[in-house]
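A quick write-up on the structure given underneath.
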Amino acid sequence: MDKKFNEGAWAEPGTSVKNKTGSWRTFKPIVTDRCVGCGTCTKFCPEGAIKIVEKNGKKKAEINYDYCKGCLICLKECPFKAIEKEVEK
Amino acid sequence: MKKLLSFGTRSCAGCPASLAVRRILEAVGDNVIIVNGTSCLEVTTTQYPLSSWNVPYIHTAFECTGAVASGVESALKKMGKDTHVVAIAGDGGTFDIGLQSLSGMIDRGHNVLYICYDNECYANTGLQRSSATPYGAATTTSPPGKFSIGNKTFKKPIVQMLAAQKVPYVATASLAYPDDLERKVKKALTIKGPKFIHILAPCPISWRFDSSETIHVARLAVETGMWILCEIENGKIKINVTPSERKPVKDYLSLQGRFKHLKDEDIKKIQEKVDDDWKAYKKY
């Protein structure tokens, strides 16, 4: 970082990835085979922790459990009811 | 592609603020400087010495979001750069404390997009009422009881206030309509001068509902007519979503713990206010 920025408080970009917020979960959302990969949940996940991946030519949502806080918005908003929950162990 | 707001923010589960910012950044891209007034967003994304931002970001105090954004914009203009300046503040920092600097920014005509995410109270400091808190809502400084209904005043009509100040583009948006939100942000960036977007941000903690209901509540606000999705461009209003049959406001209020003390006559009063608002909007 440039010397002139040394005054005041500043932080390196994107360093909060150290906070593994997945440990906050009470309920864990689980993507079932009913998922068609429409991407609705990706638009509504406050953590941006869901992405659509392609496996064997089939699109499916994948949840990043390192950061998913378990709010279950995805479960509530899924138009195909393809997400289920279980108590976090 | 790198996430412009990275993982690991300290926001609560189901937080509307971080969701709103993700949608905003998706529309804006990385050629931007974010100016953020004190709010939940600032507290949860910039816990020193960590930062969640992958775009240039400057934190300001509550009252000077508009002023700092003006300064950043003027400096960029002098340097001949066409970087977008986006100011983000909460409802406390927009409706109450930051109103004068926002108004000054508009008056001077700075080319800044100002976005207010409105969770209808000071959620960051312990759920106190702000002038964005709706009628009847329980907050820690407007507790309901034998002699009190909760918050006694109706929400400040910020959109009409700014439209009266001739802001070239004023819009309201909802998290339940992400494509509409992104379209409005993109459209705002094409317009020269000050722009204002007001996003309703249902907060599970202060509104007291389950964290999975954030989007559901945001959608109900639109479907019951409590939140009117509109754009005002050079004084011309366009209502984006007109529910063919508005649901009763009770559907929206009954989901939230902050309204659970309301009696039928109170709900009737809120319903009448919503009906009046719609009439006024249609006339406008």
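So that the names make sense, note that chain A is the first sequence line, chain B the second, and so on, each numbered from 1.
- In this structure a side-chain-to-backbone donor-acceptor pair under 3.5 Å is missing from A:S16 to B:L50.
- When heavy atoms are compared at a cutoff of 4.5 Å, A:D66 does not approach chain B at all.
- Interface remark: B:R10 contributes backbone and side-chain atoms alike to the contact with chain A (heavy atom separation under 4.5 Å).
- Residue contact with chain B, scored on non-hydrogen atoms closer than 4.5 Å, involves the side chain of A:K18 exclusively.
- Heavy atoms only, all atoms of each residue included: B:Y48 and A:W10 are closest at CE1-O, 3.5 Å.
- No more than 12 heavy atoms of other residues, nucleotides or ligands sit less than 6.0 Å from atom NZ of B:K250.
- Put simply, the side chain of A:K69 gets close to the backbone of B:S11: a donor and an acceptor are under 3.5 Å apart.
- For chain A, no part of B:I58 is nearby; none of its heavy atoms comes within less than 4.5 Å.
- Chosen from B:V55, B:I215, B:L5, B:N54, the residue pairing most often with chain A at heavy-atom distances under 4.5 Å is B:I215.
- Residues A:P46 and B:R22 fail the side-chain proximity criterion, which asks for heavy atoms closer than 4.5 Å.
- In plain terms, the two heavy atoms of A:W24 and B:T9 that are nearest each other are CH2-O, 4.4 Å.
- No side-chain donor-acceptor contact under 3.5 Å links B:S51 to the backbone of A:P13.
- Contacts of B:E26 with chain A are absent, with no heavy-atom separation under 4.5 Å from either backbone or side chain.
- For a residue to count as touching a neighbouring chain, one of its non-hydrogen atoms must lie under 4.5 Å from one of that chain's; by this rule B:A17 does not touch chain A.
- Of all non-hydrogen atoms in B:S211 and A:C71, the two that sit nearest each other are OG-O, 3.0 Å.
- Using non-hydrogen atoms only and a strict 4.5 Å limit, the part of residues 73-89 of chain A facing chain B consists of A:I73, A:K76, A:E77.
- Both the backbone and the side chain of A:F44 come within less than 4.5 Å of a heavy atom in chain B.
- Between chain B and the options A:N64, A:L72, A:T21, heavy-atom pairs under 4.5 Å are most frequent for A:L72.
- For NZ of B:K77, the number of neighbouring non-hydrogen atoms (other residues, nucleotides, ligands) closer than 6.0 Å is 12 at most.
- For A:T26, no part sits under 4.5 Å from any heavy atom of chain B, backbone or side chain.
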Can you give me every donor-acceptor pair (side chain of residues 64-73 of chain B, partner residue at least two apart or in another chain, under 3.5 Å) with its distance?
{"unit_1": "B:S70", "atom_1": "OG", "unit_2": "B:G66", "atom_2": "O", "d": "2.6"}
{"unit_1": "B:S70", "atom_1": "OG", "unit_2": "B:R108", "atom_2": "NH2", "d": "3.1"}
{"unit_1": "B:E73", "atom_1": "OE1", "unit_2": "B:H110", "atom_2": "ND1", "d": "2.8"}
{"unit_1": "B:E73", "atom_1": "OE2", "unit_2": "B:N111", "atom_2": "N", "d": "3.2"}

